[in-house]
**Q** 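Dropping the structure in here first, questions after.
By convention in this document, chain letters (A, B, ...) are assigned in the order of the sequence lines, proteins followed by strands, and residues within each chain are numbered from 1. Not measured: the values here are computed from a predicted model.
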Protein chains: 2
Amino acid sequence: MLTINDASKRTNLPVKTIRYYDEVGLVSATGRTPAGYRLYDDRSCQKLGFVQRARQFNFSIEECRELLSLYEDHGRPSRDVKKITLSKLALLQKQLDDLTTLTLELQTLANQCTGDDRPDCPILNAFSAGPIDAEP
Amino acid sequence: MLTINDASKRTNLPVKTIRYYDEVGLVSATGRTPAGYRLYDDRSCQKLGFVQRARQFNFSIEECRELLSLYEDHGRPSRDVKKITLSKLALLQKQLDDLTTLTLELQTLANQCTGDDRPDCPILNAFSAGPIDAEP
DNA sequence: GGTTGACCCTCCTGTTACTGGAGGCTTTAT
DNA sequence: ATAAAGCCTCCAGTAACAGGAGGGTCAACC
C-alpha cells in the first residue's frame, strides 16, 4: 500500500490531482490509514496512470470515467471503445484545422509588420478592419 | 447610439459577451439611457470587433486589453505589437505540435482496434501500459 | 388605456480541471 | 524533544463566459 505521495511519484500526477480524482470518484483511494491518510495499491496506480494518459489525449474527466468503466469491464466489446475514440479523433482534427488556419494568418500578419519604431502596424490594422487573407 | 442588441448584431458577439466585456472593463459602454440601458457608438463597436477577431486568434482577455491599449495609442511603435504577436505565435506553434502528435497517436490506436464484439482492445491496452509508438 | 412581446437590467450559479493556501493533525528523523 | 515533512479538510480562485431568476422598460396594437 502506497501513500498519496508515493502514488504521485509512481504516476507523475501531482498529489493535488490524485486527491481531486478521489474526490470526484474517478479513481478512489483503496483505503485509509487509521489517521485518515489515503492509501493506494498497484491496481489504483494503474488506473491513475490510465487516466493520466487518457487526459494527455484530451479526453475529459467524464470521458475518462467512461473509458475506465470499459477498461474495468472485462467483457466489453472493443467496438464501444473505438466509437468513443473515433469521435474524439474527429474533434481533434477540427481543433487541428482551426489552429493551423489561425497560425498561418497570424504568421502572415507578423511577416507584414516591420516591427520598428513607426506606429503603422498591419496587425492592428487587420484586427480593426476584418478577416485576413493569408498570402503564401 | 446603438442598444446592446444592435451592437451584438453588428459585431456578431453575443449580448452576454458584450455585457461581460463592459463588466471587466475591456470595452466599456459609451453611455447609458436614463433607464440604465447600455449604449454603444461606432467607435465602441469597432473595438468590440477588434476584440472579437483578436479572441479568434487565441489572444486572452488580458492580451486583448494590451493590444487594445496599443491600438488606442496612436503613437505606439509597431515593434511592441509584433513582440506580443510573435510570442503568441510561438505558443500556437507548440499547441499545434502537441495536437498533431496526439492525433497521430490516437489515429494509430484506432487503426489497430478491430472495433468488433471481442473485448480485446489496443486502445485500452495502450492507455493501461504507457506511451504509444506511432507507426507510419 | 391596457396588454402583449421583445428588450433590458442586476445578481447568482455553474462550467472544467484543477491549483494554492490556511489551519491543523501525524509521522519520521535527528 | 523537536523540527521537518507529509497528510488531512475546507475555502477561494482561475478563464471566459452561459443560463436563468426576478423584475423594470419600451413600442405597438386593439
**Q** CD1 of B/Ile61 versus P of D/dT14: gap in Å, rounded?
**A**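 Rounded to whole Å, this separation is 14 Å.
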**Q** CD of A/Gln93 to OG1 of B/Thr100: how many Å apart, nearest 0.5 Å?
**A**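 Here the interatomic distance stands at 9.0 Å.
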**Q** Would a 4.5 Å heavy-atom cut-off, applied to side chains only, mark A/Lys88 and A/Phe57 as touching?
**A**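 When only atoms from C-beta onward are counted, A/Phe57 and A/Lys88 do not touch, as no gap falls below 4.5 Å.
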**Q** When you match A/Val15 and B/Pro34 each to their closest nucleotide on DNA chain D, which lands nearer the 5' end?
**A**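 That would be A/Val15.
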**Q** Distance check needed: D/dA15 P versus B/Tyr21 OH, whole Å only.
**A**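 These atoms are roughly 14 Å apart.
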**Q** Does A/Arg118, at its CZ atom, have more than 12 non-hydrogen atoms belonging to other residues, nucleotides or ligands within less than 6.0 Å?
**A**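 Not more than 12 within 6.0 Å, no.
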**Q** At less than 4.0 Å, is any side-chain N or O atom of A/Arg32 found next to OP1 or OP2 of D/dT9? Yes or no.
**A**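 A/Arg32 to D/dT9 OP1/OP2: side-chain N or O found under 4.0 Å.
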**Q** Considering just the side-chain nitrogens and oxygens of B/Thr17, establish if one lies under 4.0 Å of OP1 or OP2 belonging to D/dA16.
**A**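 No, outside the criterion.
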**Q** Please confirm whether the backbone N or O of B/Phe59 pairs with a side-chain atom of B/Arg55, one donor and one acceptor, at under 3.5 Å?
**A**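 The answer is yes, because a donor-acceptor pair under 3.5 Å joins these two groups.
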**Q** Taking atom C1' of D/dA18 as reference, at what distance in whole Å does atom CG of B/Leu13 sit?
**A**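 Spelled out: CG on B/Leu13 to C1' on D/dA18 is 14 Å.
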**Q** Going through the checks in order, is the salt bridge (charged side-chain N to carboxylate O under 4.0 Å, His left out) test met by A/Glu72 and A/Arg43?
**A** CA-CA 11 Å; A/Glu72 295 269 74; A/Arg43 181 92 186 118; 2.8 Å; yes
**Q** In this structure, how many angstroms lie between the P atom of D/dC26 and the CE atom of B/Met1, rounded?
**A**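 Rounding to the nearest Å, CE of B/Met1 and P of D/dC26 are 16 Å apart.
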**Q** Looking for any heavy atom pair under 4.0 Å, which part of the strands does A/Thr33 touch: base, sugar-phosphate only, or nothing?
**A**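 Nothing, no nucleic acid heavy atom in range.
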**Q** To the nearest Å, how far apart are B/Tyr20 OH and D/dA18 C1'?
**A**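 These atoms are roughly 12 Å apart.
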**Q** Along DNA chain C, 5' to 3', what are the outermost nucleotides having an atom less than 4.0 Å from a heavy atom of chain A?
**A**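 Contact span on the strand: C/dA17 to C/dT27.
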**Q** Take the protein atom CG of B/Leu39 and the nucleotide atom P of D/dC26, then report the distance between them rounded to whole Å.
**A**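 After rounding, the gap between these two atoms is 11 Å.
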**Q** Please give, in whole Å, the distance from D/dG6 P to A/Lys16 NZ?
**A**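 A/Lys16 atom NZ is separated from D/dG6 atom P by 15 Å.
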**Q** Taking OP1 and OP2 of D/dC7, is either one under 4.0 Å from a side-chain nitrogen or oxygen of A/Arg38?
**A**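 For A/Arg38, the contact criterion (side-chain N or O under 4.0 Å from OP1 or OP2 of D/dC7) is not met.
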**Q** I'd like to know if the side chain of A/Thr11 and the backbone of A/Cys45 have a donor-acceptor N/O pair within less than 3.5 Å.
**A**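 A pair under 3.5 Å: no.
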**Q** When the distance from CZ of B/Phe59 to P of D/dA15 is rounded to whole Å, what number comes out?
**A**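 It works out to 17 Å between those atoms.
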